[in-house]
Q: 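Here it is, the structure, as C-alpha cells.
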Amino acid sequence: MAASTGFGRVPRAARGAALHRRIGTIAGAMAVGLTYIFLLAPIIVVIFTSFNPTTASAFPPRGFSLRWYREFAASGSFTSAFQFSLWLGALAAVFATTIGFLTAYAARRFVVRRRELVQSLAMLPVMIPHILIGISLLVMLTVVELPELLTLLLGHVIVCVPFTVAGILASLEAVDPGVELAARTLGASRLRVMWEIVIPLIAPGLLSSLIFAFIISFGDVYIALFLSGPGMTTLPIEIFTYLQWESTPVVAAITSVQVLMIIALGLVIERLVGLRKIIRI
Amino acid sequence: MTGDRRFGRLLLSPITLLYTLLLLAPISFFLLLSFYEYTAFEMYRPNLTTANYDRLLFDPYYRNIVYRTLRIAATTTAFSLLAGYPLAYFLARHAGAWRGVLLFLVIAPLMSGVIVRTYGWIVLLGSEGMVNNLLLFLRVVDKPVQMLNTEFAVILALVHILMPYMVFPLFSSLAGQDPNLVRAAGTLGAGRVRSFLEVTLPLSRPGIVMGSVLVFTLSAGAVVTPQLLGGKDMQMLGQTIYELILTVLNWPLASAVASILVVCQFSVIFLYFRGARRGATA
Amino acid sequence: MVAAILKLTDVVKRYGTTLGVGPVSFAVEEGEFVTLLGPSGCGKTTTLHLIAGLLQSNEGNVEIGGRDVTGVEPQHRDIGLVFQNYALFPHKTVFDNVGFGLRMRKVPRGEIEARVTRMLDVVGLPGVERRLPRELSGGQQQRVAVARALVVEPKILLLDEPLSNLDAVLRKRMRLEPRDIQKRLGITAINVTHDQEEAFEMSDRVVLMNQGRIEQIGTPEQLYDAPASRFAAEFIGEAVFIDGRVVALNGTGAEVEASRGFRFKGVPRADGVKMGDEVYLLVRPERVEVSLSPHDRPDSVRATVIDRVFSGEQVSFIVAVESGLKFRAKKPSLNAYRDVAPGATVWVAPVDCRMVPRGP
Ligand SMILES: Nc1ncnc2c1ncn2[C@@H]1O[C@H](COP(=O)(O)OP(=O)(O)OP(=O)(O)O)[C@@H](O)[C@H]1O
Ligand SMILES: [Mg+2]
C-alpha cells in the first residue's frame, strides 16, 4: 500500500505497482467518460437543434429560436399523435402493471417448484424481436375479428409486462413473507392479504412500474408500426413516417419535449424506489 | 397449501391468456404462413409448399441480407460488450455517491425511445452535423464525409440504442458479487488484473450472456434505425420483413424471412447459454 | 384427564424430497404451556406452521379442540401465532396491527377499540396505539406481536422463538412474561425455542425434537433426569457418558459396572433395562462431589485435576481418575474449591447418576 511511505523508502516494485494502478484507473475513467459522451451526445444534440432558427439540422446551432416548438404546436398531426400516445401509454401502463403485479406476486409467493420457469417465461417478449410481435398481431387481425385499437393496446401491454414483472418482483423481495402469513393467521383471506398488506407495502414500486411501462409504451415503434391506422397513430410512428421523407428540426422540438417528460418521470421513479430496481432484466 | 397453488394459478391466468392468445398463437400462425402458397389476391392460400424458403435460400439478394444482418448484429453485440463492460464495472464498483445519477444517465436514453435516439444520430452524422463540422474544423478532412446511409452509422446507432440492455444485466451480475471475493484473491497474492480475470469476469458470465443475447436479438430485428440511417441499400432482415408485409404484401415470404431471423436468433441464444453452462461447470 | 385441545397424529411434512418433520404425534391439554425444543433445523417452525395451517401436511392429521382441521385454511383455525421476527405490519399503527384480526372477524368498531386497549394493557404497553412498529424497541414489538395474536382470543397461542430477537439481557428478563400472560388468560400455548434453559423455565412440558422427529416428551424434570436417549441427555444440560453394564438389579435400583473399573450402586432403573444390558451412565457435572480428603465419602475415588475454569458463579474442574476416564465437575465458587489448582489430587464421587438405554 502507498500508505506505508511513513516507514521509510518505498520499494521500487511497489512504486511501479502504484503507478500502474494509477494509469489503470485513469484509463478506466476515460473509457467510462467517453462512453457517457457517446450515450448522451445524440440526445443533447437533439435538444440543441430544437432551438435552431434554420431548417438545416446543423450543429452547433446558429442562434436561438422557438420556431420549431411553435411549428410543433401548430401541426395537427404531431399534436394529435402526441395525445394519442399519452392515452395509449397510460392505458397500457395500467394494464401492464396490473398483470405484472399479479404475475410477480404469484411467482414470488405461490409458485414453488417452477418459479424460475415462470419468471423466465414472463420475460419472453424481451427475447422475441418486437417486430415479430407487431407483425403477428397484424396477421392475426386478418383471421380474428378484434378491434384494432384494442390489439394495439394489448400489443403495448405485452411489451411492457416483462419490465413491470421484473420491477415488481424486486419490490416484493423487500416484503417479509412472515407479515403475509401473520395476516392469514389473524383471519385474512389471500385476496385480503394481497389488498391490505402487499399492495400498500409495495405502492411505490407499483407507481414506478406504472411510470416505466408508460415510458416503454410511449417510445415503442415496432408494435405501432404495424397496428397504427388513421386516427390511431402514435408519436414515434408519426415521426418515423415524417423522417423517411424530410428531416426538419420540428422533430427535434418534439423529441425534446418527449425527453423532458421522460426525464421528469424518470426522476419520479428514482425518488420512489430507485431506478436500480426497475432495470433488473 | 393446495389453496395456494389454486390461487397462484388464478393470479397467473391473465398473463397466461395474454401471452398464449396474443403472443404465442399469433407468432406461431405467422410463422406457419411461411409454408403457405403466396397469391396476389388472397395474400396466402393454405397449400403447403417450401417455395418461399427455396426463394430465400437461393436468391443471392436475400442471402446477402441475411449475412448483413448477422454481421451487423454480431458487431453491435461485440462493441456493446466492449463499451458496456467497463461502464457496468465502474457503476458497480466505483460510482459511489454518484451511482444513482450515473445509472439514470444510462437509462435515460433507453427511456427516450428508438426514434429520438435515431434522430439524434441523423443530426450528428449528417453532412452538416457535429461530427463532420468537428472533422472539418480539425482539418482531418476537407469535405464532409458521407456517414449517413452506411453500415457504420447503423452499427454506431444500434450500439448506442442497445447499450442499456447490455449494461443492466452486467451491472446486476457485477453489483451482486461480494466485493470481499476480490479482496480475498488479493490477499492470496493475485494482482488486480489476475483477480479480475479469475474472479470477477467468470462470475459476471450470466450478465454477459444475458446482455449479449438481448443486444443480438434486438439488433437483428431492428427496422427503424437501419431504415433511417442505412438507407435502402443497407437493408437488414427487419426492413425486408417490414416491406414484404406493408408494401409488397407477400406475407408468406415475409413469414419465411421472419422464420430465418428466429432460427438465427435462437441458435445464437442456444449457443450462448450452452457456453454459459459449460463455463459455469468448468 | 383434561381434554386435548390440540392433537397431532403421524404428521409428516416433506419439502420436495427433503423431510421437514415427521412422523410427529403429540397432544396438548387445555391450559398447558408446551415448548418444542430442539437444535436449529429440527423442524420446530415447520411443526408450528403445520398447526397454524400455513403449511399443509403430506400425511397425518391435526385436531384443534376436537375438530379435525387438516386442510382447513389458517384464517379458519382460530389460532394466534407470534412470529420469530414478529412480522408486524410495517405500514400499520400499533392499534391497526392489534386490531387487524378483530376487523377480519367483523367485530364492531367500538368493541375493537376497547379490546385493543385492554390487550395492550395486559401486555404492559399502554399508550402506544398511534405509533408505527419501527418506532418501538425490540421488546415492545414483541409485546405488540403477542397482543395481536391474543386479542382475537384464539384457542391456542403459538410462539415461534418469541425471545430470539431480543438482546441477551432482555431475553432473560422477558423469559417469564409469555407464560405469565398465558396463565393469567388461561389459554393454551405452544412455544418454540432452541434454548434449553428457556424451555425449562417457561414450560409445563417440553417436546424435544431432533431431525424432524420427537425424541422425548415430558416435564423438564423428566427430560433432565430420565433422558430417553443419548441425544436427549446431551442436548439438555451438560453430560458425561460412561459405558457400563448392568450387573445387579433390585426393585427400583441397579448396580452398573463401568468399563473403567467404576461401580455405581443405586442407579435408578430405566424402563425396560434387564440384567446384563449395556447402558450409558449419565454423569451431570454439577452432581459430582469433589473433596480434598478421601474420608468425606466412602465411595469416592482418587483423581487428578487437569484444568480449572472459573466462571464467576461456578468453578469447574476437569478431573481424570486413575483408570484414565476424564470428566467435568462443576461446583459453586466457594472458598473450599477456589484453591484447588491443576495438578492437585482430589477425591471425586459422581452422585445421582442415571442410566440411559443404548440405542439399537
Ligand atoms: N421452504 C423450505 N423448503 C425446503 N426445505 C425447508 C423449507 N423450510 C424448512 N425446510 C427444511 O426443513 C427442516 C426443518 O426446518 P424448520 O424451519 O422447521 O426448522 P427449525 O427447527 O424451525 O429451525 P430454526 O431453529 O433454525 O428456526 C430443515 O431441514 C429445513 O432445511
Ligand atoms: Mg424456526
Side-chain angles (χ1 to χ4, degrees), chain A residues 21 28 31-32 35-36 38-43 45-46 49 56-59 99 102-103 105-106 110-111 122 124-127 129-133 135-137 139-140 154 157-158 161 190 215 218-219 221-222 236 239-240 243 247 251 255 258-259 262-263 266 270 274-276 279-281, chain B residues 4-5 7-8 11-12 14-15 18-19 22-23 26-27 29-30 33 83 86-87 90 100 103-109 111-117 119-124 126 128-130 133 160 163 168-169 172 192 210 214 217-218 220-221 223-224 228 238 241-242 245 251 258 261-262:
Chain A
R21 179 170 295 204
V32 171
T35 313
Y36 269 107
F38 171 69
L39 281 176
L40 298 177
I43 293 174
V45 162
V46 167
T49 309
S57 54
F59 190 88
I99 295 175
L102 297 177
T103 308
Y105 186 52
F110 301 115
V111 181
L124 207 56
V126 186
M127 306 286 263
H130 285 179
I131 179 180
L132 199 57
I133 302 176
I135 291 178
S136 300
L137 288 174
V139 171
M140 182 192 75
L154 291 176
V157 173
I158 287 179
V161 161
R190 291 184 185 79
I215 291 171
F218 200 88
V221 246
Y222 290 117
I239 299 176
F240 176 62
L243 279 179
S247 114
V251 174
T255 50
Q258 188 183 336
V259 165
I262 280 157
I263 287 177
E270 174 65 32
L275 279 165
R276 244 195 97 164
I279 57 165
R280 264 199 247 164
I281 304 180
Chain B
D4 271 356
R5 198 171 309 158
F7 192 66
L11 296 187
L12 287 176
I15 197 174
L18 184 71
Y19 278 15
L22 289 167
L23 188 69
I27 288 179
F29 178 67
F30 173 60
L33 289 189
L87 185 60
F90 173 79
L103 264 174
F104 180 68
L105 291 181
V106 178
I107 301 163
M111 296 197 304
S112 58
V114 177
I115 286 284
V116 171
R117 284 170 293 164
Y119 177 69
W121 285 107
I122 294 180
V123 176
L124 266 177
E128 265 194 86
M130 185 166 83
N133 284 356
H160 177 248
M163 180 87 88
F168 299 153
S172 292
R192 273 227 285 192
M210 193 66 201
L214 283 174
T217 306
L218 294 171
V223 177
V224 171
L228 295 178
I241 301 173
Y242 169 70
I245 292 278
W251 289 10
L261 181 65
V262 169

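Chain identifiers are assigned alphabetically (A, B, ...) following the order of the sequence lines, protein sequences preceding nucleic acid strands; residue numbering begins at 1 within each chain.
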Q: Contact part of B/Leu22 toward chain A, heavy-atom cut-off under 4.5 Å: side chain, backbone, both or neither?
A: both

Q: Given a strict heavy-atom distance threshold of 4.5 Å, which part of A/Val111 is in contact with chain B: side chain, backbone, both, or neither?
A: side chain

Q: Which region of B/Leu11, side chain (C-beta onward) or backbone (N, CA, C, O), has a non-hydrogen atom less than 4.5 Å from a non-hydrogen atom of chain A, or is it both or neither?
A: both

Q: Enter the distance from B/Tyr119:OH to A/Thr49:OG1 here, rounded to the nearest 0.5 Å.
A: 6.0 Å

Q: Give the C-alpha distance, both sets of side-chain angles, the deciding distance and a yes or no for side-chain contact (heavy atoms from CB on, under 4.5 Å) between B/Val116 and A/Ile239.
A: CA-CA 9 Å; B/Val116 171; A/Ile239 299 176; 6.0 Å; no

Q: Would you mind checking which part of A/Ile99 comes under 4.5 Å of any heavy atom in chain B, side chain (CB onward), backbone (N, CA, C, O), both or neither?
A: side chain

Q: State the CG-CG distance between B/Leu261 and A/Leu132, to the nearest 0.5 angstrom.
A: 7.0 Å

Q: Looking at B/Leu33, B/Val224, B/Val106, which makes the most heavy-atom pairs under 4.5 Å with chain A?
A: B/Val224

Q: Side chain, backbone, both or neither: which part of A/Tyr36 has a non-hydrogen atom closer than 4.5 Å to chain B?
A: side chain

Q: Heavy-atom pairs under 4.5 Å with chain A are the metric here; pick the option from B/Leu105, B/Val114, B/Leu218 that has the most.
A: B/Leu105

Q: Where is the tightest heavy-atom contact between A/Ala106 and B/Gly8, given as atom of each residue plus distance?
A: CB-O, 3.8 Å

Q: Sort A/Ile263 into side chain, backbone, both or neither according to what part of it lies under 4.5 angstrom from a heavy atom of chain B.
A: both

Q: About how many Å separate NE2 of A/His130 and OG1 of B/Thr217, when rounded to the nearest 0.5 Å?
A: 10.0 Å

Q: Which class fits the ring pair A/Phe38 and B/His160: parallel under 30°, tilted 30 to 60°, perpendicular over 60°?
A: perpendicular

Q: With a 4.5 angstrom heavy-atom cut-off, which part of A/Thr103 approaches chain B: side chain, backbone, both or neither?
A: both

Q: With only heavy atoms counted, which part of A/Val221 is less than 4.5 Å from chain B, the side chain, the backbone, both or neither?
A: side chain

Q: Once side-chain contact (heavy atoms from CB on, under 4.5 Å) is applied, do any residues pair with A/Pro125, and if so which ones, sequence neighbours excluded?
A: A/Ile133, A/Ile158, A/Pro162, B/Tyr19, B/Leu23

Q: Let me know if B/Ile245 has heavy atoms under 4.5 Å from chain A in its side chain, its backbone, both or neither.
A: side chain

Q: Could you tell me which of B/Ile241, B/Val223, B/Val262 has the largest number of non-hydrogen atom pairs under 4.5 Å with chain A?
A: B/Val223

Q: For the atom pair CZ (B/Arg117) and OG1 (A/Thr255), what is the distance rounded to the nearest 0.5 Å?
A: 12.0 Å

Q: Which bit of B/Ile15 comes within less than 4.5 Å of chain A, counting heavy atoms only: side chain, backbone, both or neither?
A: both

